[in-house]
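Read the structure below first, then the notes.
The analysis underlying the following values was restricted to heavy atoms, covering all of them including side chains, and did not include hydrogens, waters or symmetry mates. On a predicted model such as this, the values are computed, not experimentally measured, just so you know.
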Protein chains: 2
Amino acid sequence: MQDCIYTAAESVERSGLKGLPLFKACQDSFFQKMAKRALTQKHSKGKILFLHGDEARYFYFIQKGLVRLFRETLDGSQVTVDILPAGQVLALRTIFEDDLYPYSAEIVENAEITSYPLSYLKDEIQTNNTLALNMLSSMSRCKRRKEQEIEHREIQNAPQRIGCFLLRLIPQNKEGPVTIHLPYDKTLVAARLGMQPETFSRALSKLKRETGIKIKGATIELDTVQQLVQFSCAACSSEFPCKDLQQREF
Amino acid sequence: MQDCIYTAAESVERSGLKGLPLFKACQDSFFQKMAKRALTQKHSKGKILFLHGDEARYFYFIQKGLVRLFRETLDGSQVTVDILPAGQVLALRTIFEDDLYPYSAEIVENAEITSYPLSYLKDEIQTNNTLALNMLSSMSRCKRRKEQEIEHREIQNAPQRIGCFLLRLIPQNKEGPVTIHLPYDKTLVAARLGMQPETFSRALSKLKRETGIKIKGATIELDTVQQLVQFSCAACSSEFPCKDLQQREF
DNA sequence: CGAGGGTTTGAAGTGCATCAAATAGTGTGG
DNA sequence: CCACACTATTTGATGCACTTCAAACCCTCG
């Protein structure tokens, strides 16, 4: 579905590319240049934004909606790399990957997405050392997340992984009772956590049984965060308020 | 065991810090400054170089030996993050991690290791944009490896993961019969691949049965690379010569 | 109201972990 | 150079967690 193109330029202002911490070292001239080539499009669920291995000319900013990043083998089995909500950038790191997208991207919830030329970004990091340094910290954090994901898959069981996922949805320093809303379909959460939907369903009820959390559809209520921390964080090498690991990028 | 300190300065020259692609954009003055604070030590097997969460002042270069990077939970279970051979740098990314080591490091084969002050490196990347860019590509590659590792653990079974590991030990573009030597103990390879030693043993014999490779202790012979490629790379989203993913750093 | 996707539940199978024990291999001191 | 001690590796038996296949249920939305 080739959904309606509805704007160009100026979108950078609205977009929030400018609002991203990653780009805070950039001058207005950079944003203006970007804006000239920016293009915002609406996409509906199911649309493939690009495929792993495609030649890349753009990176993207998600204004609205949800994007699933994944990789696929020849025989058709897929691995979900990440699921990005509005406010995230994607395909940035393509500039370090010979201009080939390192994963495929699929719209999983009607979205509005702005594209920007990678070439401009490349030019900018050549000269803007602070941007390069910001990208380094950002990528380092992202890499740490990946490492933690490997660890989790190795030592946490399915209910613990779900508990850990829920904990990351809670704003920092929250005390007492909390209400959590799953940010997307259970099937997607399952994919994100590397398990089957059936396993997710069973694991969630086990989590409920073991920790006493309350579940109503996509809404989950905790009397106290401790409930979950005790259950999930036991099988993890980081201790609880997993500092800023909810941020993603690249 | 606090093993003999046997040299300082000048070690940079011998060391090969200078020889690393990562640092090819650095001036001699940088290496000389580094050399003044460099310290090379011998460590024997079992020595803990540093612990996850320790305050970090140095990064390291492995002159000889093997280092295992790992993380540990409170209840004592460990996850092996990587196993680094001579020629590798480690703990570089600590500068993006609030100066706390992001993992623990243990000597697993008598080693000779040079330490350098992280602060000098920090200073250098502040001003040397090319170094920063090189670090970016390097870290991007490293991150890709991590993502691939997640994928492998999700869709490859134990024998396939071993096959994939073996393939990465073969020099690029090698044709016909190949002899592979495991770079370290089977127990370590197992840990590296996230499986138990028992599983590794059984999976390796299964791999042998299914592909017809020949195994004599730590030596493995293939009539042709295809044997393994067909078996392992079927369950992977990248196609065979997994371009430069044998390199690591950070 | 009916269609279709999301979600749950059941039953059965598989792969890896775990525990236990045997065997092979390696380095050490005598 | 040999015997011992210790570690690495293999093998067997069993259990558990997750997957897979199948089917029912539920919910939303046209």
Side-chain angles (χ1 to χ4, degrees), chain A residues 44-46 66 68 75-80 83 106-110 150 152-163 181-210 215-220 231-232 235, chain B residues 44-46 66 68 73 75-80 83 106-110 150 152-163 165 181-210 215-220 231-232 235:
Chain A
S44 43
K45 187 169 169 175
L66 275 181
R68 182 174 75 104
D75 62 33
S77 65
Q78 295 189 342
V79 175
T80 294
I83 291 168
E106 176 199 9
I107 309 298
V108 287
E109 191 178 274
N110 291 348
I150 294 174
H152 286 169
R153 283 164 190 238
E154 189 160 334
I155 59 187
Q156 293 185 330
N157 60 26
Q160 287 171 327
R161 283 222 293 289
I162 297 177
H181 231 79
L182 292 181
Y184 31 78
D185 278 355
K186 290 182 178 176
T187 311
L188 276 176
V189 179
R192 179 66 250 276
L193 296 176
M195 57 183 85
Q196 299 310 117
E198 295 95 325
T199 303
F200 180 86
S201 174
R202 286 185 255 257
L204 185 58
S205 23
K206 184 165 187 183
L207 183 68
K208 178 181 170 184
R209 253 179 291 135
E210 312 243 329
I215 303 174
K216 286 197 285 275
T219 306
I220 290 149
F231 181 80
S232 288
Chain B
S44 43
K45 187 170 169 172
L66 275 180
R68 181 174 76 102
T73 66
D75 63 31
S77 65
Q78 295 189 342
V79 176
T80 295
I83 291 169
E106 176 199 10
I107 308 297
V108 287
E109 190 179 276
N110 291 348
I150 294 174
H152 286 170
R153 283 166 189 237
E154 190 161 330
I155 58 185
Q156 292 185 330
N157 61 24
Q160 286 171 327
R161 285 222 292 291
I162 298 177
F165 178 83
H181 232 77
L182 292 180
Y184 31 79
D185 278 355
K186 290 182 177 176
T187 310
L188 278 176
V189 179
R192 180 65 249 278
L193 297 177
M195 58 183 85
Q196 298 310 117
E198 296 95 326
T199 303
F200 180 86
S201 175
R202 284 186 255 258
L204 185 58
S205 22
K206 185 163 186 184
L207 183 68
K208 180 182 168 183
R209 252 179 292 132
E210 311 244 330
I215 304 174
K216 284 195 288 273
T219 306
I220 289 147
F231 181 81
S232 289

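Applying the salt bridge (charged side-chain N to carboxylate O under 4.0 Å, His left out) rule to B:Glu210 yields no partners; only residues at least two apart in sequence or on another chain are considered. For B:Ser201, the side-chain contact (heavy atoms from CB on, under 4.5 Å) criterion is met by no residue, not counting sequence neighbours. Here B:Arg68 pairs with B:Glu106 under the salt bridge (charged side-chain N to carboxylate O under 4.0 Å, His left out) rule; sequence neighbours left out. Among residues two or more places apart in sequence or in another chain, the side-chain contact (heavy atoms from CB on, under 4.5 Å) test is passed with A:Ala191 by A:Thr80. Residues satisfying the side-chain contact (heavy atoms from CB on, under 4.5 Å) criterion with A:Ser77, sequence neighbours excluded, are A:Thr73, A:Asp75, B:Ile155. By the side-chain contact (heavy atoms from CB on, under 4.5 Å) test, B:Ser205 pairs with no residue at all, sequence neighbours left out. Under the side chain to side chain donor-acceptor pair (under 3.5 Å) criterion, B:Glu154 pairs with A:Arg153, not counting sequence neighbours.
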(message) Generate the contact string for nucleotides 5-17 of chain D. Rules: B means base contact, S means sugar-phosphate contact only, - means no protein heavy atom under 4.0 Å.
(response) ---SSSBBB----
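The overall bend of the helix from C:dC1-D:dG30 to C:dG30-D:dC1, read as the angle between its terminal helix axes built from five base pairs each, is 40° when rounded to 10 degrees.
Among all heavy-atom pairs drawn from A:Ala203 and A:Ile162, the shortest one is CB-CD1, 3.6 Å. Scanning all heavy atoms of the two residues, the minimum distance from B:Phe231 to B:Gln160 falls at O-NE2, 3.4 Å. In terms of heavy-atom proximity, B:Leu188 sits nearest to B:Ile83 at O-CD1, 3.5 Å. Here the shortest heavy-atom pairing between B:Arg161 and B:His152 reads CD-O, 4.0 Å. For the residue pair B:Ser232 and B:Gly163, the shortest heavy atom distance occurs at OG-CA, 3.3 Å.
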Could you list, one pair per line, each protein nitrogen or oxygen that sits under 3.5 Å from a nitrogen or oxygen of nucleotides 26-29 of chain D, together with the distance?
none

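Of all nucleotides in DNA chain C, those with any atom nearer than 4.0 Å to a heavy atom of chain A start and finish, going 5' to 3', at C:dG6 to C:dA11.
Following rounding to the nearest Å, B:Ile155 (CD1) and D:dC18 (C1') show an atom-to-atom distance of 17 Å.
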